[in-house]
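Working notes for the structure below.
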Amino acid sequence: MSRPALLDRIAAARAQREAQGRVRARRTVTRRDGVRVEFGGRWLVNFCSNDYLGLASQFAVAGALQDAAAQHGVGSGASHLVCGHHALHDALERELADWLGAPRALLFGSGFLANLAVVQALLGDEDLCVQDRLNHASLIDAARLAGCRLRRYPHNDAEGALRQLRATPDAAAMIITDGVFSMDGDVAPLRELALAARVQEALLYVDDAHGVGVLGPDGRGSVAAAELDVQGVPLQLATLGKALGGYGAVVLGDETLIGHLSETARPYLYTTALPPALAAASLAAVKLARKDAWRREKLQALVARFREGAARAGFQLLPSDTPIQPLVVGSDHDALALAAALEARGYWAAAIRPPTVPEGSARLRITLGAAHTEADVDGLLGALAVSRAELAQAGR
Ligand SMILES: *Cc1c(COP(=O)(O)O)cnc(C)c1O
């Protein structure tokens, strides 16, 4: 027998990660106070959270969670279709559908699960799934799970998407894109993609994990910002764990598509429903996200301040107007060194390395939030400049 030994393979992969500066380790946060977090006995200003609107620690949101948990308990007890579906889930789905302008919304345990569900429920062996090269890992895995043919087009190239659809005219097809790209911060060309989908009779699915709450009128996301609706984008994903500060996700679309998901998607059927109290917290968060335009205005002002300051200091940022402001460093070791130098000065911006981003494009994924102050942003800029000088001197 010549069966490969799994443990040997794991050891070799680990050794390779060590050599490449690709070891991944969790950092344990012991306390949080808005954008300040404590770990290892030190407080740092956090510049790598997706809590863009500062809702995760908002009083009304945490209060809604507490009240609902006191009243209804914690776990939902079962999947939605058995007996886990609660009136608080219904209320949240209705609020999200109303906000985002879709006939119906369906809650999922997470964005990752929702993406697995959507693709698996819609596409099978013979079908075609056309995706942006930089789409989120969950979308790539979703296509693999569905067993369909996966074709990836160059980043933000709607023409490329169109070519791939034309090459396979006989297959049922979807185009899938991030609305805001999670590691780059740029926005997909949704109008062009919607047109490509229309002429090719493909279904467009937009994963707007980082757009909802942040972009567009009333924070309705990248789809609304592109002046598209459920006709142009029949399905979209919003996550509850990013700008909305909670946990979970929702898929929005018309009655037929959402009905199909709710009855057939395995990652919907065979998993426990979100705790109802979490739905209550997200309901409170959505209401604040809709109402508090100042959170988006403040965020935009901080993004502009950061970009201006970075340009003045000679830092090359990626072209992004969203709160995701990556600073591409290049090598994994250099990205880690810069993150460590910032951390020594009290700022936390995690180094993001391959395979999360393409080879040779390791970066600090700096994210801004409405809970940051101008002084936080100026402090980060100062720390970046000093860190860069220090690393240059050390010959990095
Ligand atoms: C974070 C993210 C997801 C996954 O959402 P979770 O709720 O965290 O599982 C999906 N798509 C994109 C683009 C994301 O950034």
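Read the numbers this way: they start at 1 and go in the same order the structure lists the ligands and their atoms. As a basis for the values below, the full set of heavy atoms in this structure was taken, side chains included, without hydrogen atoms, waters or symmetry mates. Start at 1 with the first residue, then count along the sequence.
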Fill in: Salt bridge present between Arg290 and Asp98 (N-O < 4.0 angstrom)
yes

Response to the item:
Numbered in order shown, the ligand 1 atoms found under 4.0 Å of a heavy atom of Ser182 are 15 (O)

Fill in: Salt-bridge contact Lys298-Asp292 (side-chain N to carboxylate O under 4.0 Å)
no

Item to complete: Indicate, as side chain, backbone, both or neither, the part of Asn115 found under 4.0 angstrom from ligand 1 when only non-hydrogen atoms are considered.
Response: side chain

Discussion item. Out of all atoms in ligand 1, which are within 4.0 Å of some heavy atom of His210? Include the element for each.
Written reply: 14 (C), 15 (O)

Worksheet, complete the sentence: side chain to side chain donor-acceptor pair (under 3.5 Å) with Asp184: of Arg363, His155, Gln325, only one passes, and it is Arg363

Worksheet item: Is it true that a side-chain atom of Ser79 and a backbone atom of Tyr270 form a donor plus acceptor pair closer than 3.5 Å?
Response: no

Practice prompt. Number the atoms of ligand 1 from 1 as they appear, then name those within less than 4.0 Å of a heavy atom of Ala209, with their elements.
Written response: 2 (C), 11 (N), 12 (C), 13 (C), 14 (C), 15 (O)

Worksheet, complete the sentence: Interatomic distance, CG@Asp378 vs CG@Leu302, rounded to 0.5 Å, equals 9.5 Å

Discussion item. Does only the side chain of Ser138 get under 4.0 Å from ligand 1, or the backbone, or both, or neither? Count heavy atoms.
Written reply: side chain

Item to complete: Indicate the ring-plane relationship of His80 and His89, choosing parallel, tilted or perpendicular according to the 30° and 60° boundaries.
Response: perpendicular

Fill in: Ligand-side contact atoms (ligand 1) for residue partner Thr239, heavy atom cut-off under 4.0 Å
5 (O), 7 (O)

Worksheet, complete the sentence: Here the atoms of ligand 1 under 4.0 Å from any heavy atom belonging to Asp207 are 10 (C), 11 (N), 12 (C), 13 (C)

Worksheet entry | Any N/O pair Asp178/ligand 1 closer than 3.5 Å | no

Fill in: Those atoms of ligand 1 less than 4.0 Å from some heavy atom in Gly111
4 (C), 5 (O), 6 (P), 7 (O), 9 (O)

Fill in: Protein heavy atom at shortest distance from atom 8 (O) of ligand 1
Lys242 NZ, 4.1 Å

Discussion item. Using a strict threshold of under 4.0 Å (side-chain N to carboxylate O), is an ion pair present between Arg296 and Asp218?
Written reply: no

Worksheet item: What residue among Val357, Leu318, Ile324 forms side chain to side chain contact (heavy atoms under 4.5 Å, CB included) with Arg365?
Response: Ile324

Worksheet item: Which of the atoms in ligand 1, numbered in the order shown and given with their element, are less than 4.0 Å from a heavy-atom of Phe112?
Response: 4 (C), 5 (O), 6 (P), 9 (O)

